[in-house]
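Take a look at the structure below.
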Amino acid sequence: MQDELTAVLERLELDRDGSTQRLFEFLRIPSVSADPAHTGEVARAARWVCDELRQVGLNAVVKPTAGHPMVVATHEGPPGYDGPRILYYGHYDVQPADPVALWKSGPFDPVLVDGPRGKRIVARGAADDKGQVMSFIEAFRGWIKSHGTLPCAVTVLLEGEEESGSENLEPFLKSHTAELAADLCVVSDTGMWDMQTPAITTRLRGLVYVEITIHGPDKDLHSGLYGGAVANPINVLASILASLHDGTRRVTLPGFYDDVEEVSPSVLAQWKALGFDDAEFLAGAGMADDFGEIGRSNMERTWSRPTCDVNGIYGGYMGKGAKTVIASHATAKVSFRLVAAQDPRKVIHSIETFVRERLPEGCRADFTEFGANPAFHVSEKSLYLGAAERALARVYGKPAVLIGSGGSIPAVGAISRILGAPSILMGFGLEDDCVHSPNEKFELGCFEGAKRSHAALLFEVGQMRR
Ligand code: BES
Ligand code: MN
Ligand code: MN
């Protein structure tokens, strides 16, 4: 039986260069979902990956939504198969390449360059998430080329709006529940522990994102003639934002910590045993010192504590030199990462109330919401977690570690709520991949390991019965 998998792994090895070339083609399509100027390219990426899935031997279609399209593909497994079905989720859209000037090569001109861990692929989307999506597509190709079939039934769902809020995902899941039904969902959009140590992510933080605009005077004013006598929306906004944290760097929204759970001592002990390297973590940010909630480690702060960050702030005169002006309005983009049972609706309500209660006479605020998703936890007892652990141990020769992540993938929670499928987050990125930053990269070694791991997971699931 195991020979079946060996044959697939050998074929993947033979097709190494071919698979890199195919990933390069995918990376050349600038599918930036956030930018309306790229809508045509996003659609082209959907068609490209759909064609690729068809060539591999799946039944694949591009399905329109109110926003960017979904790609859905299926394979029924071997004749007469009635074991578990995997739903693979991934995203074919990417973050904007800005600031483009900081890239050493074109963000959409993928290159293979030497690094300390061997060759790496540099391009926007290399690790997040096109390289990881291609790793399971290549695993499918390896299986079908070797044996004429996949060893289990598979459905693929690729989204084109993950990087801009997954707005149309929930309605799509709700209107396609039967078509997308599966026993487990596999997502490859997270990281490994290090290049030799595979990881399964068992918790993701949730995300609430709001834009807050404070309006004051009906036009920009001379700051000498009016300064000190009327409310300055930028001053007001800055003071409200500053009061969102207290002296211990905790978030001050009333009730914010009510639904936050402490990590159990056993999980905390397990995390400690991983030997998280604070210096290396900080070096990845170009920092020597940390700054966060007092009394918590950086691992806890990012994996199991909620946060509030201002992501952007603007208003008034932003040109060169000085202009003496009181702006009529000011805006901030504010995000909250959520953990455990924190309710995103409650947080939205709470930030709106917090701002309104602090507005001086004559000012008003408006709010635009860009997503509200709860945190996600994988049950460590899930049957399929065992299958992923066996697959990773087979490929890496050592057990996978169970980790948390500070990032968010809105789809994972939605898939569990709407389709009821438990998710396995089996990712192959590294902390220094520069996802969302200039010079994003994916180690070739991570790509190879990812393809092999998916091939092995398909094998493991094919051996299971429902
Ligand atoms: N793949 C990332 C999330 C991620 C990265 C999880 C690394 C774990 C390790 C995903 O594409 C992402 O960037 N998510 C966004 C949220 C989205 C609503 C824009 C995030 O976390 O900011
Ligand atoms: Mn991603
Ligand atoms: Mn991302």
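First listed ligand is number 1; within each ligand, the first listed atom is number 1. Bear in mind that the values here come from a model prediction, so they are computed numbers and not experimental data.
- Under a 4.0 angstrom heavy-atom cut-off, Gly371 registers as lying outside contact with ligand 1.
- Using a cut-off of 2.8 Å, one finds that Asp128 contributes an N/O/S atom close to the Mn ion (ligand 2).
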- Task: Please test Ser31 against Arg44 for side-chain contact (heavy atoms from CB on, under 4.5 Å), starting from the C-alpha separation and ending with a verdict.
- Result: CA-CA 8 Å; Ser31 49; Arg44 189 155 72 89; over 6 Å; no
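- Remark: distances from the non-hydrogen atoms of His436 to ligand 1 include one below 4.0 Å.
- Aromatic ring centres of Phe276 and Trp271: separated by at least 6.0 Å.
- Closest to atom 16 (C) of ligand 1, if we only count protein heavy atoms, is Ser408 O, 3.6 Å.
- Ligand 1 places these atoms under 4.0 Å from at least one heavy atom of His91: 11 (O).
- Short contacts between ligand 1 and Gly407, defined as distances under 4.0 Å to a heavy atom of the residue, involve ligand atoms 21 (O).
- Smallest separation of non-hydrogen atoms from Val8 and Ala139: CG1-O, 4.5 Å.
- The Mn ion (ligand 3) does not have His91 among its coordinating residues (no N/O/S atom, backbone or side chain, under 2.8 Å).
- Close N/O approach between Thr190 and ligand 1 is not found [any backbone or side-chain N/O within under 3.5 Å].
- Residue contacts to the Mn ion (ligand 2): Glu162 brings no N, O or S atom closer than 2.8 Å.
- Annotation: Glu163 places an N or O atom under 3.5 Å from an N or O atom of ligand 1; distance criterion only.
- Within the 4.0 Å heavy-atom shell around ligand 1 one finds Asp189.
- Which parts of ligand 1 touch Pro410 is read off a 4.0 Å heavy-atom cut-off, strictly below it: atoms 18 (C).
- Geometrically, Arg203 does not engage Phe376 in a cation-pi contact defined by less than 6.0 Å to the ring centre and at most 45° from the axis.
- For the pair Arg356 and Phe354, the NZ or CZ position fails the cation-pi test of under 6.0 Å to the six-membered ring centre and within 45 degrees of the ring normal.
- For Phe428 and His454, the ring centers sit closer than 6.0 Å to each other.
- Contacts with ligand 1 closer than 4.0 Å are made by no heavy atom of Arg205, backbone or side chain.
- Under a 4.0 angstrom heavy-atom cut-off, Asp128 registers as being in contact with ligand 1.
- Side-chain contact of Asn59 with Thr74: a donor-acceptor pair under 3.5 Å is absent, judged by distance alone.
- The shortest N or O to N or O distance between Ser405 and ligand 1 is not below 3.5 Å.
- Ligand 1 lies out of reach of Glu167, whose nearest heavy atom is not under 4.0 Å from it.
- Residue Glu163 approaches the Mn ion (ligand 3) most closely through its N/O/S atom OE2.
- Taking the centre and axis of the six-membered ring of Phe108, the NZ or CZ atom of Arg124 falls outside the cone set by 45° and 6.0 Å.
- Among protein heavy atoms, atom 17 (C) of ligand 1 sits closest to Glu162 O, 3.6 Å.
- The nearest heavy-atom contact from the protein to atom 22 (O) of ligand 1 is Arg337 NH2, 2.7 Å.
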- For the pair Lys346 and Leu338, evaluate side-chain contact (heavy atoms from CB on, under 4.5 Å) and give the outcome as yes or no after the intermediate values. CA-CA 11 Å; Lys346 265 208 231 166; Leu338 309 185; over 6 Å; no
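- Here the side chains of Asp15 and Arg141 are in contact, with some heavy-atom distance below 4.5 Å.
- For Glu293 and Arg301, the salt-bridge test fails: no basic side-chain N is under 4.0 Å from an acidic carboxylate O.
- Shortest non-hydrogen contact noted between Gly125 and Val94 is CA-CG1, 3.6 Å.
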